[in-house]
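This report refers to the structure that appears directly beneath it.
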Amino acid sequence: MKSFDYIRATDTGHASAEAAEGAVIIAGGTNLLDLMKLEVMTPDALVDITRLDLKQIAATDDGGLRIGTLVTNADLAAHMTVRTDYPMLSQALLAGASGQLRNKATTGGNLLQRTRCYYFYDTATPCNKRAPGTGCAAMEGATRLHAILGGSDQCIATHPSDMAVAMRALDAVVEIEASTGETRHVPLSDFYLLPGDTPQIETVLRRGDLITAVILPAPAQGVQSYTKVRDRASYAFAMVSVAGRIAMDGDRIGQASIAFGGIAPQPWRDADAEAALVGQPATRETFARAADILLADAKPAKDNAFKVPLTRRTLIATLTDLCGKAAS
Amino acid sequence: MQTRLTINGTPHDLDADARTSLLDALRNHLDLTGTKKGCDHGQCGACTVIVNGRRINACLTLACMHDGDEITTIEGLGQPGNLSPLQAAFVKHDGFQCGYCTPGQICSATAMLQEVKDGWPSHVSGNLTGAMDLTDAEIGERMSGNLCRCAAYPNIVDAIRDAAEVKA
Ligand SMILES: Cc1cc2nc3c(=O)[nH]c(=O)nc-3n(C[C@H](O)[C@H](O)[C@H](O)COP(=O)(O)OP(=O)(O)OC[C@H]3O[C@@H](n4cnc5c(N)ncnc54)[C@H](O)[C@@H]3O)c2cc1C
Ligand code: SF4
Ligand code: FES
Ligand code: FES
């Protein structure tokens with residue numbers, strides 16, 4: 001690991017001022033230190049935000065939930081309001097990492113864990129994300145984990161978070177404090193950027209920005225679930241995951257909100273696929289049509305063509321289950 | 001970097017480079033070698049310790065971030081002649097072969113049983129809010145952050161189940 005200056009932030013203004021000067025924010029450290037040990041990330045200074053008062057989960061005036069950025073993944077999953085009103089979020093968190101990691105991983109850190117693949121970790125290989133302009137080792141390499149949607153010819157890495165997928169389906173909003181002291185709110189739908197020609201830029205955050213909270217809107221109608229398909233039963237990243245919420249309107253689908261993990265550089269949502277569900281009967285034909293729309297532009301790499309049928313089946317299975325439960 | 005760590009009830013003043021992981025601080029600076037280094041990347045759980053009541057991977061955190069924290073390592077859970085219920089159960093059930101993963105397994109299981117007591121659901125719990133039985137599937141899921149290269153898993157699960165029953 002390269003040496004760095006360690007700064008302990010005393011308040012949010014101090015943290016964002018240091019970040020504006022170039023210090024990298026450290027929260028749980030489970031992604032950042034992993035990458036620093038391999039010298040994939042080599043910050044000159046770290047600003048430790050873990051002593052800041054950003055650990056609360058509180059009801060908002062309009063019936064939603066404000067989750068402080070330092071709330072751990074473990075505490076968020078176990079929080080009773082999340083379990084009862086946003087169950088897909090508890091399920092997604094519990095499907096991620098391990099008990100030890102969830103005790104350290106924070107809400108903001110989880111959103112900002114790097115979109116990555118194994119070549120990103122290996123400094124002996126070319127990688128446009130780690131070293132812009134050097135090429136992408138995945139293009140000629142092993143691509144089992146990589147994206148089938150949203151990638152570019154510069155980068156096809158996936159965003160590995162489970163939590164962010166559920167938050168995307170729940171229409172979460174990210175609260176950000178800039179080094180000017182100004183606070184702004186960015187919907188998660190606008191937070192991540194596709195790789196395009198600049199895979200090293202993953203979000204709309206600017207230098208000096210500090211995530212202070214994630215805000216969930218008031219609980220929506222219907223039933224919800226998070227389904228994760230992976231190579232092992234536990235402690236593995238998603239090959240495909242589906243966060244879904246369905247509300248029925250009589251014998252037709254009234255509302256559908258569906259987000260996908262493991263298949264794209266960001267938590268993926270397709271408004272056309274959702275629109276194809278609403279107003280339709282809850283049949284296999286309806287579900288298959290939504291899957292066709294979702295996957296119409298899928299562009300698998302050498303080793304991950306299996307993700308196309310796997311995503312299709314996981315979506316159909318999830319919708320079958322949710323519509324069944326929503327109807328009863 | 002000056003850092004004060006309270007380890008197994010005893011305060012220690014550490015003077016180490018900011019890069020020092022909590023794991024390296026314990027093993028290389030404070031001579032507490034019970035906590036093991038496997039992967040050094042949060043993947044194996046050999047380095048599990050309990051910080052302020054929660055199990056974490058000591059390899060993926062900086063010692064200087066833990067100024068003022070209370071840390072429990074395998075040495076603090078029990079000693080020869082005064083074993084903790086889980087330590088005794090691992091001996092009784094032969095919950096190891098080489099023993100390298102064992103301190104991490106026991107620290108992890110100690111905190112995991114508290115999570116169960118606190119009513120935390122897991123990925124395999126039938127529902128998120130109801131009562132939960134500590135089945136073998138629950139133990140396996142909740143302990144998935146601790147790998148055992150010798151695959152002593154069946155005996156590890158037996159030991160944890162036994163200790164949980166004694167506790168309950
Ligand atoms: C072995 C292993 C397995 C894993 N498996 C899974 C899995 O199955 N599913 C899954 O979802 N995740 C998994 N993870 C990833 C884990 O969830 C992330 O490492 C964790 O959520 C990151 O949170 P953190 O607080 O530790 O972030 P840190 O490492 O502290 O930070 C990550 C990034 O976020 C930035 N940052 C943090 N907080 C803020 C803030 N408030 N404002 C601005 N910037 C900020 C940091 O500068 C850094 O760039 C795994 C990790 C490991 C090591
Ligand atoms: S897919 Fe992206 S992260 Fe992976 S090697 Fe290519 S550029 Fe790097
Ligand atoms: S040494 Fe810490 S998890 Fe492997
Ligand atoms: S007993 Fe050898 S690694 Fe677990």
So which part of [X] gets closer than 4.5 Å to some heavy atom of chain A, the side chain, the backbone, both or neither?
X	value
B:Thr129	both
B:Met143	neither
B:Asp67	both

At a heavy-atom separation under 4.5 Å, does [X] approach chain B through its side chain, its backbone, both, or neither?
X	answer
A:Leu32	neither
A:Arg51	side chain
A:Lys228	neither
A:Met80	side chain
A:Thr30	both
A:Ala27	backbone

Do [X] and [Y] have side chains that approach each other closer than 4.5 Å (heavy atoms only, starting at C-beta)?
X	Y	result
A:Arg83	B:Pro121	yes
A:Leu38	B:His41	yes
B:Leu62	A:Asp48	no
A:Lys37	B:Cys59	yes
B:Trp120	A:Asp75	yes

Review point. Taking every heavy-atom pair that is under 4.5 Å apart, which of B:Glu141, B:Glu115, B:Met112 has the most such pairs with chain A?
Key: B:Glu141
Revision key, fill the gap. Counting heavy-atom pairs under 4.5 angstrom with chain A, the leader among B:Ser108, B:Ser21, B:Cys64 is B:Cys64
Study note, to complete from the structure: Between the CG atom in B:Asp69 and the OG1 atom in A:Thr50, the distance rounded to the nearest 0.5 Å is 8.5 Å
Check your understanding: Which distance, rounded to the nearest 0.5 Å, do you find between the CD1 of B:Ile50 and the CD of A:Gln100?
Key -> 10.0 Å
Review point. Does atom CG of B:Asp31 have more than 12 heavy-atom neighbours, drawn from other residues, nucleotides or ligands, at distances under 6.0 Å?
Key: no
Exercise for review: Taking atom CG of B:Asn82 as the centre, report whether more than 12 heavy atoms of other residues, nucleotides or ligands fall under 6.0 Å from it.
Suggested key: yes
**Study point:** Choice from A:Gly99, A:Ser3, A:Ser90, A:Ala95 maximising heavy atom contacts with chain B below 4.5 Å
**Key:** A:Ser3
Exercise for review: For the pair A:Asn103 (side chain) and B:Arg55 (backbone), establish whether a donor and an acceptor sit closer than 3.5 Å, ignoring hydrogens and angles.
Suggested key: yes
Revision key, fill the gap. B:Gly42 and A:Tyr235 have their tightest heavy-atom pair at O-OH, 2.5 Å
